[in-house]
Amino acid sequence: MLFRAKKEASRKFIDLIKRSSSWWANWDPSIQITAGDYGEIDTESGQFVKEGNIYTSSDKSVADLAAQFEPVSEKALEKHVIKSMNAKERELGADNKVNVAGFEDASLKGQWQFNDSRGALLIMHMPRITRVPDEFLAKSLESGLLKDKTLVTHVYSCPAYALYLSNKSKCNETVSVALVADVPSIAAPGASDGAGIGTKWVDDGIAGMLQKGYNDEAVFVPLYSIKKITKRRIRRESYDPNAPKGDFWANVEAPWGFLDDDGEEEVIEYMDDSDSD
């Protein structure tokens with residue numbers, strides 16, 4: 001017997017990004033997720049639900065340990081694009097132009113084609129990784145202070161993002177997205193050169209769900225990584241006496257199985273032989 005429990009589109013997007021990158025996507029990047037947060041993944045939406053943070057924890061032992069290892073920020077990248085495995089980036093050129101104002105001159109732009117299954121795309125402008133130091137992970141592993149916690153170890157933050165979940169019913173969908181300068185058509189009286197010029201996202205061919213944002217500061221968090229202390233499994237048939245032993249910080253896997261294009265989990269129930277009597 002096969003039955004389906006309806007879930008949200010957010011879970012489908014998160015699942016597609018995770019399968020192609022191992023990172024967890026934040027369906028609403030304006031919701032702050034910070035390195036050092038701990039909590040759980042909501043199985044309905046796929047979103048991270050914060051319980052606390054190691055640096056402000058009410059558990060003094062955790063906060064005191066974390067205070068010794070401040071978060072580390074890495075150098076910002078110019079851009080970072082993650083797409084689901086069924087999305088193909090198309091080459092732009094004379095034979096493939098996008099007729100949207102500002103698109104051709106944009107430094108961050110692209111066109112992607114999705115096949116007949118649902119796909120996902122995430123574009124980040126000037127993203128920067130902030131992470132919990134490895135030394136904290138090692139010390140907390142020894143102490144067991146966070147043994148039952150799911151910990152955010154890395155986050156990507158950026159000033160601009162665009163995320164897209166393709167249309168589930170449209171085959172061979174092609175979308176174009178770019179970050180362009182937004183120049184007012186009429187300059188304000190007395191304004192100096194460059195005054196009023198901003199930045200905005202433009203798009204073409206959108207048939208699915210597009211979310212985008214821009215800010216002067218890196219206020220958006222589109223991606224993060226989470227780990228949990230896990231017992232190392234030792235298989236008798238392949239036992240290696242030199243292999244690492246004990247608990248370790250492991251990447252958290254999705255708490256759901258295969259999802260169809262609606263983001264619904266397919267669960268198979270096998271009939272008990274006794275039911276046929």
Side-chain angles (χ1 to χ4, degrees), residues 1-54 57-59 62 82-87 114 117-122 131-132 137 140 144-157 161 163-169 208-211 220-233 247-271:
M1 177 182 178
L2 180 68
F3 72 93
R4 303 166 187 236
K6 188 170 183 179
K7 309 295 179 184
E8 300 180 39
S10 59
R11 194 171 74 161
K12 181 61 178 178
F13 178 83
I14 292 165
D15 185 71
L16 287 169
I17 293 296
K18 190 174 189 308
R19 286 179 182 275
S20 63
S21 70
S22 78
W23 287 83
W24 286 83
N26 184 5
W27 178 248
D28 182 356
S30 65
I31 296 176
Q32 292 300 297
I33 299 176
T34 307
D37 283 351
Y38 52 84
E40 294 294 339
I41 293 295
D42 182 272
T43 57
E44 298 289 318
S45 67
Q47 283 286 80
F48 179 76
V49 180
K50 178 179 176 178
E51 178 187 334
N53 185 284
I54 59 175
S57 176
S58 57
D59 185 331
V62 172
I82 297 177
K83 57 183 179 60
S84 56
M85 290 179 283
N86 68 329
F114 300 90
S117 61
R118 209 165 194 184
L121 173 68
L122 174 62
R131 60 179 177 84
V132 175
L137 298 181
S140 60
L145 288 173
L146 297 170
K147 196 163 188 177
D148 299 319
K149 305 294 185 184
T150 295
L151 179 68
V152 176
T153 57
H154 299 66
V155 297
Y156 267 104
S157 58
Y161 78 93
L163 63 83
Y164 184 68
L165 180 63
S166 68
N167 192 311
K168 64 183 179 181
S169 59
M209 303 175 67
L210 174 68
Q211 298 187 53
F220 302 112
V221 184
L223 279 180
Y224 61 98
S225 178
I226 49 179
K227 295 179 182 292
K228 193 168 188 175
I229 294 177
T230 306
K231 285 190 175 296
R232 201 179 302 274
R233 295 182 179 180
D247 295 348
F248 70 108
W249 281 102
N251 291 326
V252 174
E253 298 302 321
W256 53 74
F258 176 78
L259 303 181
D260 64 14
D261 279 352
D262 291 316
E264 298 176 351
E265 186 175 8
E266 295 187 351
V267 181
I268 299 176
E269 286 189 345
Y270 295 95
M271 183 179 293

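Because only heavy atoms are used, hydrogens play no part in the values below, and waters and symmetry mates are left out as well, while side chains stay in. Quick note: residue numbers are just sequence positions, from 1.
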Would you please test I14 and Q47 for side chain to side chain contact (heavy atoms under 4.5 Å, CB included) and show each step?
CA-CA 8 Å; I14 292 165; Q47 283 286 80; 3.7 Å; yes

Nearest heavy-atom contact between G36 and N53 is C-ND2, 3.2 Å

One should read off an interatomic distance between Y38 OH and T153 OG1, to the nearest 0.5 angstrom, of 15.5 Å

Report task. Please test K50 against Q32 for side chain to side chain contact (heavy atoms under 4.5 Å, CB included), starting from the C-alpha separation and ending with a verdict. Result -> CA-CA 10 Å; K50 178 179 176 178; Q32 292 300 297; over 6 Å; no

(message) Would the distance check show the side chain of T43 and the main-chain N or O of P255 forming a donor-acceptor pair, the cut-off being under 3.5 Å?
(response) no

Of all heavy-atom pairs linking F13 and A25, the shortest is CE2-CB, 3.6 Å

Minimal heavy-atom distance between V132 and A35, with the atoms involved, is CG2-C, 3.9 Å

Query raised in the report: Taking R118 for the side chain and S166 for the main chain, is one N or O donor matched with an acceptor at less than 3.5 Å?
Result: yes

Minimal heavy-atom distance between S140 and L146, with the atoms involved, is CB-CD1, 4.3 Å

Between the CG atom in L163 and the CH2 atom in W27, the distance rounded to the nearest 0.5 Å is 6.0 Å

Please check: side-chain N/O of W24 versus main-chain N/O of I226, any donor-acceptor pairing under 3.5 Å?
no

Rounding to 0.5 Å, atoms OG (S10) and CG (D28) come to a distance of 10.0 Å

Quiz item: If you measure from the Lys or Arg side-chain nitrogens to the Asp or Glu carboxylate oxygens, is any gap between R19 and D15 under 4.0 Å?
Solution: yes

Scanning both residues in full, the closest heavy-atom pair of P222 with Y156 reads CD-O, 3.2 Å

Original post:
Looking at side-chain heavy atoms only, is the closest gap between T150 and K228 below 4.5 Å?
Top reply: yes

**Asked** Is there a donor-acceptor pair closer than 3.5 Å between any side-chain N or O of E40 and the backbone N or O of V49?
**Response** no

Taking every heavy atom of E253 against every heavy atom of K18, the minimum-distance pair comes out as OE1-NZ, 3.6 Å

Verify side chain to side chain contact (heavy atoms under 4.5 Å, CB included) between F114 and K83, making sure each step is shown before the conclusion.
CA-CA 10 Å; F114 300 90; K83 57 183 179 60; 5.9 Å; no

Between the CH2 atom in W249 and the OG1 atom in T230, the distance rounded to the nearest 0.5 Å is 9.0 Å

**Asked** Under the side chain to side chain contact (heavy atoms under 4.5 Å, CB included) criterion, do L151 and K227 qualify, and how do the steps go?
**Response** CA-CA 5 Å; L151 179 68; K227 295 179 182 292; 5.5 Å; no

key: Pair S84, N86: side-chain N/O donor-acceptor within cut-off below 3.5 Å   = yes

Separation between CE (M85) and OG (S21), nearest 0.5 Å, reads 9.5 Å

Report yes if the side chains of L223 and I82 come closer than 4.5 Å at any heavy-atom pair, otherwise no. yes

Separation between CH2 (W256) and CD1 (I41), nearest 0.5 Å, reads 6.5 Å

### Check: N26 side chain, I31 main-chain N or O, donor-acceptor pair, under 3.5 Å
yes

Check whether any side-chain N or O of K12 sits under 3.5 Å from a backbone N or O of D260 as a donor-acceptor pair, and report yes or no. yes

